There are 2 protein chains.
Amino acid sequence: MSRTADEPLSLGTIPVSPPTLADVAELAGVSRQTVSNAVNNPELLRADTLRRVQNAIADLGYSPNRAARNLRTRASHLVGMRFTPAQEGTANALMDRFVHSLVEASAEAGYHVLLFAGDPTDPVSGYDDLLRSTAVDAFVVTDTFLGNPQATWLELRRAPFVAFGRPWDTPESTHPWVDVDGAAGAALATDHLIEADHTKIAWVGWRKDSWIGEDRRSGWSRAMRSRGLVTSGLACRVEDAVASGREAAGRLLDESGPTGFVCASDTLAMGVLHALDERGLQPGRDVAVVGFDDSQVAQVVPGGLTSVRQPLEDVAVEVVRALAGLLATPPKMVPGVLLEPTLAVRGSSQRR
Amino acid sequence: MSRTADEPLSLGTIPVSPPTLADVAELAGVSRQTVSNAVNNPELLRADTLRRVQNAIADLGYSPNRAARNLRTRASHLVGMRFTPAQEGTANALMDRFVHSLVEASAEAGYHVLLFAGDPTDPVSGYDDLLRSTAVDAFVVTDTFLGNPQATWLELRRAPFVAFGRPWDTPESTHPWVDVDGAAGAALATDHLIEADHTKIAWVGWRKDSWIGEDRRSGWSRAMRSRGLVTSGLACRVEDAVASGREAAGRLLDESGPTGFVCASDTLAMGVLHALDERGLQPGRDVAVVGFDDSQVAQVVPGGLTSVRQPLEDVAVEVVRALAGLLATPPKMVPGVLLEPTLAVRGSSQRR
DNA sequence: GTGAAAGCGCTAACAG
DNA sequence: CTGTTAGCGCTTTCAC
């Protein structure tokens with residue numbers, strides 16, 4: 001069952017072994033090294049030699065063996081990203097949209113994205129093995145909802161990584177990061193409602209232990225105050241779930257009678273829509289609602305849900321840019337990058 | 001245990017070079033091969049030797065270098081999956097849910113998932129390079145909405161792959177596949193409405209060139225006919241978009257007055273909800289609606305959208321099982337696997 | 001500009 | 001059971 005002399009045989013479903021540098025060299029009548037140069041440093045070759053080699057490469061359908069190249073260059077051209085299951089019932093498909101963008105942006109920089117699972121209870125699981133086995137060149141760290149132990153851990157190990165999300169809890173961190181200005185987003189949403197003559201605008205946000213949540217909330221309160229509008233009695237902090245948003249909206253409606261809601265997530269905003277629905281109030285006409293993240297839910301719900309949209313495509317591009325900087329020789333450290341969100345205006349915030 | 005004399009230096013952000021087999025061997029006082037055996041064939045070692053080696057491995061934090069192992073074993077333990085951007089405004093986050101499951105299922109089988117981008121206009125782009133550079137051991141092919149040129153292409157190259165989706169257009173294919181019985185799902189939805197005493201149940205489906213769409217449609221018509229219910233004038237085929245679903249539902253409502261809708265997707269079902277909304281009809285109470293795919297939209301839309309749910313976790317497990325079979329020596333070909341969907345019942349199909 | 005030699009870290013085959 | 005030998009396919013010196 002072993003490979004004899006020159007005959008590459010098909011092992012199970014695996015096709016004949018692909019051509020190697022040596023095969024190309026033989027066909028082109030040059031040495032292996034010259035083929036390598038043709039691939040990696042074409043400017044070193046004489047024009048006609050180069051063409052001859054390139055023809056041989058094309059004829060054979062040669063592509064350098066990744067494992068061999070990785071071993072030699074000590075680089076895998078892979079970026080690892082932990083991909084934990086989104087909890088169901090949450091409108092938060094944000095990460096998925098980001099992954100798509102990341103895959104595309106990485107491809108342009110010559111990188112592939114390696115997804116790995118991790119024990120949800122251990123924020124650091126999965127990284128260690130990939131790092132020690134040099135399976136990836138760097139990581140993209142995303143799940144920074146509550147603090148960011150991964151960043152601290154990776155920094156300690158001097159592993160190259162870029163975070164999507166600021167190091168809220170560790171301001172002394174020096175790793176590259178890319179983030180979206182949540183406060184600006186919430187302010188954008190609030191201003192949008194204020195311009196439509198709303199004055200009692202409520203905030204439905206996340207538990208206080210979420211840095212992101214507090215950031216977004218600050219945008220709401222800043223926008224309100226800058227227009228001289230009161231905020232007291234108009235805010236609440238709950239779990240990120242439809243039911244929580246519904247309850248919170250019901251309570252706020254009963255107690256303070258807001259005419260507008262700005263929410264920390266589309267999930268919460270959907271909860272607000274539920275509450276309006278129950279009371280026979282129509283979104284947009286009676287009460288304005290703005291969500292956050294511009295999920296698919298916001299886009300297809302009847303009437304449409306106005307929502308703050310994060311520029312995830314740009315985030316991915318910046319992440320890859322930072323990654324490329326980290327991995328360059330010498331490394332070029334890219335400082336933190338903060339991007340501005342936009343507002344996708346739909347029926348839930350407009351009188352029809 | 002720290003490194004001796006020739007201390008590897010830190011290159012930029014790259015940490016000290018990780019320990020190798022030789023380092024472990026030296027520390028444990030055995031040969032490199034013994035360490036390799038301790039990792040790959042522990043049963044070959046004497047208990048005390050094994051323990052000594054394992055201690056050394058733990059002390060050093062050793063993990064086999066992937067590239068070297070890949071080169072030697074001609075396997076990367078990576079499965080490639082093309083990840084094309086989902087079109088926005090579509091409730092179809094199905095693939096994302098699948099990817100999550102796939103990552104988890106793969107991890108248990110010792111595989112990581114490599115995502116790659118591809119030119120959306122060329123269904124085969126991206127595969128070729130990965131295959132020739134032996135960067136992945138196999139592929140998971142998913143985007144089989146309209147036919148499946150990838151499968152044919154990969155089969156021709158004898159590349160190992162498993163498809164999520166049946167080879168509708170190439171029944172002569174012999175590759176492994178896993179799919180969900182769409183006809184059964186639609187029948188499930190239809191029966192659900194029939195049991196609630198609906199008799200005029202409409203079908204809102206996809207363009208006729210979609211095999212999947214026709215399959216699902218057949219489940220509806222079969223269920224209707226088996227109860228002696230008429231189907232004529234109750235079906236339409238449109239683009240998979242909210243607006244199309246809305247128009248189609250409006251037309252059907254005006255012309256045939258159905259009291260129930262079964263849709264080929266949640267996106268279309270959302271369109272139906274729009275149409276009901278416009279006419280002041282309440283989903284569930286006045287008209288029943290069932291979607292397909294149980295997207296997050298179905299879960300969070302006010303009232304909830306009843307939807308056919310594909311068992312994606314199981315699909316992923318079966319895909320990995322088939323993959324493992326393909327990659328085993330000798331390969332064990334797994335035949336096609338067809339899984340049954342379930343129905344997630346929510347407000348849109350129940351009188352409240 | 002091109003070629004020859006060396007070796008990245010690992011594991012398959014064999015010898016002891 | 002353990003150690004020795006060889007080489008996966010590639011790139012990095014360094015001669016020519």
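Order of the sequence lines sets the chain letters (A, B, ...), proteins ahead of strands, with each chain counted from 1. Note that the coordinates shown come from a computational prediction; the quantities given were computed from them, not determined experimentally.
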- Ignoring backbone atoms, test whether A/N37 places a side-chain nitrogen or oxygen under 4.0 Å from the OP1 or OP2 oxygen of C/dT2. no
- Rounding to a whole Å, what distance do you find between A/Q33:CD and D/dG9:P? 17 Å
- Task: Let me know which of A/V35, A/N55, A/V30 forms a side chain to side chain contact (heavy atoms under 4.5 Å, CB included) with A/V24.
- Result: A/V35
- How many Å lie between CG on B/L71 and C1' on C/dT11, as a whole number? 10 Å
- Query: Taking atom P of C/dA6 as reference, at what distance in whole Å does atom CG of A/L21 sit?
  - Reply: 18 Å
- Note on the structure: With the side chain defined as heavy atoms from C-beta on, B/Y62 is closest, among C/dG9, C/dC10, C/dG3, to C/dC10
- Main-chain N/O of A/A135 paired with A/S76 side-chain donor or acceptor, under 3.5 Å: yes
- Mind calculating the distance between CG (A/N41) and P (D/dC10) to the nearest angstrom? 15 Å
- Among the candidates D/dT12, C/dT2, D/dC10, find the nucleotide nearest to the side-chain atoms of A/T73. D/dT12
- Task: Using only side-chain N and O atoms of A/T34, determine if any of them is under 4.0 Å from OP1 or OP2 of C/dT2.
- Result: no
- Message: Strictly distance-based, threshold 3.5 Å: is any side-chain N or O of A/H175 a donor or acceptor partner for the main-chain N or O of A/F161?
- Response: no
Give each protein N/O atom lying under 3.5 Å from an N/O atom of nucleotides 14-16 of chain C, with the pair distance.
none

- Message: Quick one: does any side-chain atom of B/R52 pair with a main-chain N or O of B/A28 as donor and acceptor, under 3.5 Å?
- Response: yes
- Whole-Å distance, B/D23 CG to C/dC10 P, equals 9 Å
- Note on the structure: Taken to the nearest whole Å, CZ/A/R46 to C1'/C/dG3 is 14 Å
- Taking the inter-plane angle between the rings of A/H77 and A/Y111 on a 0 to 90° scale, is it parallel (under 30°), tilted (30 to 60°) or perpendicular (over 60°)? parallel
- With respect to the side chain of B/R69, which nucleotide from C/dA13, D/dT2, C/dC10 is positioned closest? C/dC10
- Note on the structure: Testing D/dC10, C/dT11, C/dG9 for proximity to the side chain of A/P64, the answer is D/dC10
- To the side chain of B/S31, which of C/dC10, D/dT4, D/dT12 is closest? D/dT4
- Query: When all nucleic acid strands are considered with a 4.0 Å heavy-atom cut-off, which category describes B/L45: base, sugar-phosphate, or nothing?
  - Reply: sugar-phosphate
- Item | Residue-phosphate contact under 4.0 Å: B/T49 side-chain N/O, D/dT2 OP1/OP2 | yes
- Task: Could you summarise the pairing of DNA chain D as dot-bracket text, marking Watson-Crick and G-U pairs under 3.5 Å with ( ) or [ ] inside the strand and | across strands?
- Result: |.||||||||||||||
- Message: Ignoring hydrogens and geometry beyond distance, is a side-chain donor-acceptor pair present between A/T134 and B/N65 at under 3.5 Å?
- Response: yes
- Do any N or O atoms from the side chain of B/H100 and from the backbone of A/T84 form a donor-acceptor pair under 3.5 angstrom? yes
- Message: Just N and O in the side chain of B/N40: are any of them under 4.0 Å from OP1 or OP2 of C/dT11?
- Response: yes
- Query: Are A/R72 and D/dG9 close enough that a side-chain N or O sits under 4.0 Å from OP1 or OP2?
  - Reply: no
- Specify whether A/F164 and A/F98 have parallel, tilted or perpendicular ring planes, treating 30° as the upper limit for parallel and 60° as the lower limit for perpendicular. tilted
- Query: With respect to the phosphate group of C/dG9, does any side-chain polar atom (N or O) of A/R74 fall under 4.0 Å of OP1 or OP2?
  - Reply: yes
- Message: C/dT11, OP1 or OP2 - any side-chain N/O from B/R32 closer than 4.0 Å?
- Response: no
- Any donor-acceptor pair under 3.5 Å from B/S106 side chain to B/V113 backbone: no
- Item | A/V319 vs A/M81 side-chain heavy atoms within contact, under 4.5 Å | no
- Give the rounded distance in Å between these two atoms: CD1 of A/I57 and P of D/dC10. 10 Å
- Message: Within the 4.0 Å heavy-atom criterion, would you say A/L44 contacts the bases, only the backbone, or no part of the nucleic acid?
- Response: sugar-phosphate
- Euclidean distance, atom CZ of residue A/R66 to atom C1' of C/dC8 [Å, nearest integer]: 18 Å
- Query: So, does B/E104 use its side chain to make a donor-acceptor pair with the main chain of A/A117 at under 3.5 Å?
  - Reply: no
